[in-house]
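The first residue of the sequence shown is numbered 1, and numbering continues consecutively from there. Since we're looking at a predicted model, the values are computed, not measured.
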Amino acid sequence: MLLEILDLEVQYGGAEILKSISLGVKEGEIVTIIGSNGAGKTTVLRAISGLKRPAAGEIRFQGKRLHGIPAQDIIKMGIGHVPQGRHLFPFMTVLENIKLGAYLQNDKNKIKRALERIFETFPVLKTRRIQQAGTLSGGEQQMLAVARALIGNPSLLLMDEPSIGLAPLVVREIGKVAVEINQRGTSILLVEQNARLALRLAHRGYVLETGSLVLEGQCENLLDDERVKKAYLGQ
């Protein structure tokens, strides 16, 4: 198992946000966590990245416990994070924003190769590489946020609500990119409120409700589950 979470509990101000959840991501998988706003989806990713300290439970990546490891060292271990809201530097160029994702790397040749792969995946970013990030469209900014995470050559990519605020055509393009990234060998843990999109992209899924996992399984089975249809697919 590439990523393994066991009985994870997270609290904010004494309130229990995640209630003893367990999940995993195997090498080569796209795994999704779906659920409504406030279910705790983003908190799962923040706990993995070292941005939120768990109250109990374990998070293991490639067999190593992540507890107490600083966020920057978790990145070095091979976990990339595309945060909700993108969090770009709007007055810096596209290229400068991407290179910020490689600030922990010293191998210039490795960075160069990663940058070439990124521009193959996102040709629009290559044409806009000297443009300020804040002048990009919403879809282009989302691509830039993904590119910034990818330049670190992660084994696992955490994607937090990549479709939020985007037009349907752009959402489909982001979905295609996620599949392409996965086919190149990067595992993905995808958090999405757009359940239909997420379940069509991923291999396996988990349903999170008010901090508790209530369903899990292969995505084709979850798409046919009456509870998922009623609560998340509008059927």
Side-chain angles (χ1 to χ4, degrees), residues 3 30 41-52 61 66 69-167 169-192 201:
L3 175 75
I30 301 177
K41 304 185 303 297
T42 292
T43 301
V44 176
L45 300 192
R46 288 178 59 83
I48 295 167
S49 292
L51 300 175
K52 182 61 183 174
F61 178 67
L66 298 185
I69 297 178
Q72 64 269 23
D73 291 334
I74 291 176
I75 293 173
K76 287 181 182 178
M77 292 172 69
I79 297 179
H81 192 160
V82 184
Q84 182 179 348
R86 300 152 198 161
H87 295 284
L88 301 173
F89 292 89
F91 300 110
M92 295 175 67
T93 68
V94 166
L95 185 58
E96 288 168 339
N97 269 275
I98 294 173
K99 286 186 173 180
L100 279 175
Y103 77 100
L104 294 173
Q105 295 192 32
N106 297 316
D107 190 331
K108 292 184 179 180
N109 289 328
K110 192 174 181 180
I111 294 172
K112 182 180 178 181
R113 290 193 299 270
L115 191 58
E116 289 171 353
R117 286 195 299 272
I118 284 168
F119 285 149
E120 287 175 7
T121 305
F122 303 107
V124 68
L125 295 184
K126 185 175 183 178
T127 64
R128 288 162 169 55
R129 61 188 180 278
I130 61 172
Q131 188 172 324
Q132 286 186 340
T135 65
L136 300 178
S137 69
E140 291 165 348
Q141 288 187 17
Q142 186 61 62
M143 292 176 188
L144 179 54
V146 174
R148 182 180 57 190
L150 286 178
I151 200 168
N153 291 303
S155 302
L156 175 66
L157 185 64
L158 311 178
M159 300 183 73
D160 192 354
E161 302 281 9
S163 74
I164 194 167
L166 301 181
L169 283 174
V170 181
V171 170
R172 285 196 288 272
E173 182 62 29
I174 294 295
K176 289 178 183 178
V177 166
V179 171
E180 182 180 337
I181 292 167
N182 177 247
Q183 289 174 341
R184 290 182 179 180
T186 301
S187 301
I188 296 175
L189 180 57
L190 170 66
V191 156
E192 256 298 338
L201 291 177

task: Report the distance from atom CG of Leu169 to atom CD1 of Ile174, rounding to the nearest 0.5 Å.
output: 12.0 Å
task: Quick one: pull up CD1 in Ile98 and CG in Leu125 and give me the separation to the nearest 0.5 Å.
output: 5.5 Å
- prompt: Which heavy atom in Val94 sits nearest to a heavy atom in Leu144, and how many Å separate them?
  reply: O-CD1, 3.6 Å
- request: Sort and list the pairs that fulfil side chain to side chain donor-acceptor pair (under 3.5 Å) and have at least one residue in residues 141-151, not counting sequence neighbours.
  value: Arg86-Gln142
message: With a 4.5 Å cut-off on side-chain heavy atoms, are Thr42 and Lys52 touching?
response: no
query: Is it true that a side-chain atom of Ser49 and a backbone atom of Arg46 form a donor plus acceptor pair closer than 3.5 Å?
result: no
- line: So CG of Leu157 and CD1 of Ile30: to nearest 0.5 Å the spacing works out to 10.0 Å
Side chain to side chain contact (heavy atoms under 4.5 Å, CB included) between His81 and Ile74, intermediate numbers included: CA-CA 10 Å; His81 192 160; Ile74 291 176; over 6 Å; no
query: Minimum heavy-atom separation for Val170 to Gly139, with atom names?
result: CG1-CA, 3.5 Å
field: Taking every non-hydrogen atom, the tightest pair across Val124 and Thr127
entry: O-OG1, 2.7 Å
task: Please test Leu66 against Met77 for side chain to side chain contact (heavy atoms under 4.5 Å, CB included), starting from the C-alpha separation and ending with a verdict.
output: CA-CA 10 Å; Leu66 298 185; Met77 292 172 69; 3.5 Å; yes
statement: Minimal heavy-atom distance between Pro154 and Ala149, with the atoms involved, is CD-O, 3.5 Å
message: Nearest 0.5 Å, please: how far is CD1 in Ile164 from CD in Glu192?
response: 8.0 Å
- line: For Arg128, the side chain to side chain donor-acceptor pair (under 3.5 Å) test, sequence neighbours excluded, returns Glu140
Using distance only, find each side-chain donor-acceptor pair of residues 176-190 under 3.5 Å and give its atom names and separation, not counting sequence neighbours.
residue, atom, partner, partner atom, Å
Glu180, OE2, Arg184, NH2, 2.8
Asn182, ND2, Gly28, O, 3.2
Asn182, ND2, Glu29, O, 3.4
Asn182, ND2, Thr186, O, 3.1
Arg184, NH1, Thr121, OG1, 2.7
Arg184, NH2, Thr121, OG1, 3.4
Ser187, OG, Lys26, O, 3.4
Ser187, OG, Gly28, N, 2.8

Non-hydrogen atoms of Ala133 and Asn97 that approach each other most closely: CB-ND2, 3.5 Å
Asp160 side chain to Val191 backbone, donor-acceptor under 3.5 Å: no
field: Nearest heavy-atom neighbours spanning Arg129 and Phe119
entry: CB-CZ, 4.2 Å
task: Would you mind telling me which of Leu100, Ile130, Leu115 makes a side chain to side chain contact (heavy atoms under 4.5 Å, CB included) with Leu95?
output: Leu115
query: Below 4.5 Å, heavy atoms only, C-beta onward: do Glu96 and Phe89 meet side chain to side chain?
result: no
field: Stepwise side chain to side chain contact (heavy atoms under 4.5 Å, CB included) check, Met92 with Gln132
entry: CA-CA 5 Å; Met92 295 175 67; Gln132 286 186 340; over 6 Å; no
message: Quick check: do Val146 and Phe122 have side-chain heavy atoms less than 4.5 Å from each other?
response: yes
